[in-house]
Amino acid sequence: MAPDCLRRVGGAALAALTLALAWTGAGASAPGDGNGDAPWVVATYAYPQRDRAAAVQPLADYLARRSGHAVQVRILPSPTALVEALRGGEVDVAVPNLHGYLQARAGEGAIVALPVPDVPPVQADRYRAVLVARDGIATLAELPERARDLRLALVGADSASGGFVPMAALRDLGLDPRIGFAALDYAGSHAAALQAVAEGRADVAALAADVYDAAPAEGVHELWRSGPIPPGPLLCRASATMDCRQVAAWLLQAHTRDPAVMAALRAGWPEFGDATTFTVAPPLQDVTID
């Protein structure tokens, strides 16, 4: 499935949970760059029950040590807000999800892809999306005719496995998830989306396959499973003080210079699996999802 077909659906999935996290202060090791330049900002997006500030702080500290430039950490409410801040010059290095990565691809300006965590193949194969349903909905093919009487739960509009990837699958059936169901709800997390079906508050839900596989709920079954979903590479905004090619080189050395960088990222993003190194990312326009 080409990424051009993977469009956003409206809604603010996580904003209510993350307004208090709009800024997380600097914890980088370099007190300044000696030239009076503004600190670099390393940023990502919030997610329930994941300390994303702690997940990117070692990355910020590592870049500060390698560059001698002051670095701050910032947490945005959503992947879309993260990309908007990157485009607006408020963020220099971003850790997005795939949705944010594809949004950045569609924009203009000096945004380039940095290396991506090198997820072991077996684990990368497990990062997929599923559509699940309560008993009484037997197949995916039933949904177009029955959707008007069914409630759909997504993780969030910006989620990859719990949002735009399964939404694209529904559109392939001729079904617009935004208006085609009796109700559309954003659960906020993969576990919450599954729980919504299990507890009878939704009839169909989209979520990460590994969450469903780890704790299948009684009375809930799988309708559809996507192909493997690639992680979104880090992003960089080139500027007079930010050499993205140098940052990319530093990331490719991080596994020997500071293994804590990847260890913290793994804690913040389970889809990174047991990755220990970064690898060169494909060009933005080459990313596709089957």
Side-chain angles (χ1 to χ4, degrees), residues 21-47 50-76 79 81-83 85-86 89-98 100-101 104 110-120 123-124 230-282 284:
L21 295 175
W23 275 94
T24 300
S29 57
D33 58 14
N35 296 317
D37 292 328
W40 290 343
V41 175
V42 172
T44 190
Y45 60 98
Y47 187 80
R50 296 284 175 187
D51 188 346
R52 289 285 172 78
V56 299
Q57 189 66 59
L59 171 63
D61 292 345
Y62 174 67
L63 294 180
R65 288 194 301 272
R66 295 303 304 268
S67 66
H69 198 109
V71 182
Q72 294 179 335
V73 167
R74 186 178 178 185
I75 308 300
L76 280 300
L82 175 64
V83 172
L86 187 68
E90 302 170 36
V91 170
D92 299 287
V93 174
V95 184
N97 68 350
L98 182 62
Y101 180 51
I111 298 177
V112 298
L114 293 173
V116 61
D118 191 8
V119 182
Q123 294 174 331
L234 279 64
L235 296 169
C236 180
R237 181 182 60 86
S239 68
T241 63
M242 171 59 69
D243 183 344
C244 294
R245 289 177 296 180
Q246 182 62 74
V247 172
W250 288 334
L251 291 179
L252 293 173
Q253 299 167 353
H255 62 288
T256 57
R257 295 293 191 102
D258 191 350
V261 172
M262 187 62 73
L265 291 174
R266 290 196 307 266
W269 284 267
E271 57 264 39
F272 292 162
D274 294 327
T276 60
T277 64
F278 286 93
T279 188
V280 175
L284 289 172

Once side chain to side chain contact (heavy atoms under 4.5 Å, CB included) is applied, do any residues pair with [X], and if so which ones, sequence neighbours excluded?
| X | result |
| --- | --- |
| A81 | L76, P77, S78 |
| R245 | D243 |
| A238 | A110, C244 |
| A248 | L114, P115 |

Exercise for the section: Could you grab the distance from atom OG1 of T276 to atom CG of D118, nearest 0.5 Å is fine? Expected result: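 CG of D118 is found 7.5 Å from OG1 of T276.
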Problem - CG on L63 to CD on Q246, rounded to 0.5 Å - result: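 Rounded to the nearest 0.5 Å, the CD-CG separation comes out at 10.5 Å.
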Problem - Residue pairs fulfilling salt bridge (Lys or Arg N to Asp or Glu O under 4.0 Å) with at least one residue in residues 261-272, sequence neighbours excluded - result: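 Of all non-adjacent pairs touching residues 261-272, none passes salt bridge (Lys or Arg N to Asp or Glu O under 4.0 Å).
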Handout entry: Contact list for residues 246-264, test salt bridge (Lys or Arg N to Asp or Glu O under 4.0 Å), sequence neighbours left out
Key =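 As it turns out, the salt bridge (Lys or Arg N to Asp or Glu O under 4.0 Å) pairs with a partner in residues 246-264, which skip direct neighbours, are R65-D258.
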Exercise for the section: Please list all pairs passing the disulfide (SG to SG under 2.5 Å) test where one or both residues lie in residues 249-281, with sequence neighbours left out. Expected result: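 Not a single pair qualifies under disulfide (SG to SG under 2.5 Å).
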Hey, is the main chain of [Y] close enough, under 3.5 Å, to the side chain of [X] for a donor-acceptor pair?
| X | Y | result |
| --- | --- | --- |
| H69 | A38 | yes |
| T44 | V95 | yes |
| Y62 | W250 | yes |

Exercise: identify the closest heavy-atom pair between [X] and [Y]:
| X | Y | answer |
| --- | --- | --- |
| L265 | F278 | CD1-CZ, 3.7 Å |
| P96 | L82 | CA-CD2, 3.8 Å |
| P117 | P231 | O-CG, 4.5 Å |
| L235 | A113 | CD2-CA, 4.2 Å |
| A260 | P58 | O-CB, 3.8 Å |
| P259 | T256 | CD-O, 4.4 Å |

In chain order, what residues pass the side-chain hydrogen bond (donor to acceptor under 3.5 Å, both in side chains) check against [X], with sequence neighbours excluded?
| X | result |
| --- | --- |
| W269 | Y45 |
| D92 | R237 |
| Q123 | D274 |

Exercise for the section: Please examine the side chains of P230 and Y101, heavy atoms only from C-beta on, and report whether any two atoms are closer than 4.5 Å. Expected result: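 No, side chains not in contact.
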Exercise for the section: For residues L251 and L59, determine if any side-chain heavy atom of one lies less than 4.5 Å from a side-chain heavy atom of the other. Expected result: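 A side-chain contact exists here, since the closest heavy-atom pair is under 4.5 Å.
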Exercise for the section: Could you walk me through whether T279 and V116 pass side-chain contact (heavy atoms from CB on, under 4.5 Å), step by step? Expected result: CA-CA 5 Å; T279 188; V116 61; 3.7 Å; yes
Problem - Qualifying residues under salt bridge (Lys or Arg N to Asp or Glu O under 4.0 Å), relative to R52, sequence neighbours excluded - result: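 Once residues adjacent in sequence are excluded, R52 has no partner under the salt bridge (Lys or Arg N to Asp or Glu O under 4.0 Å) criterion.
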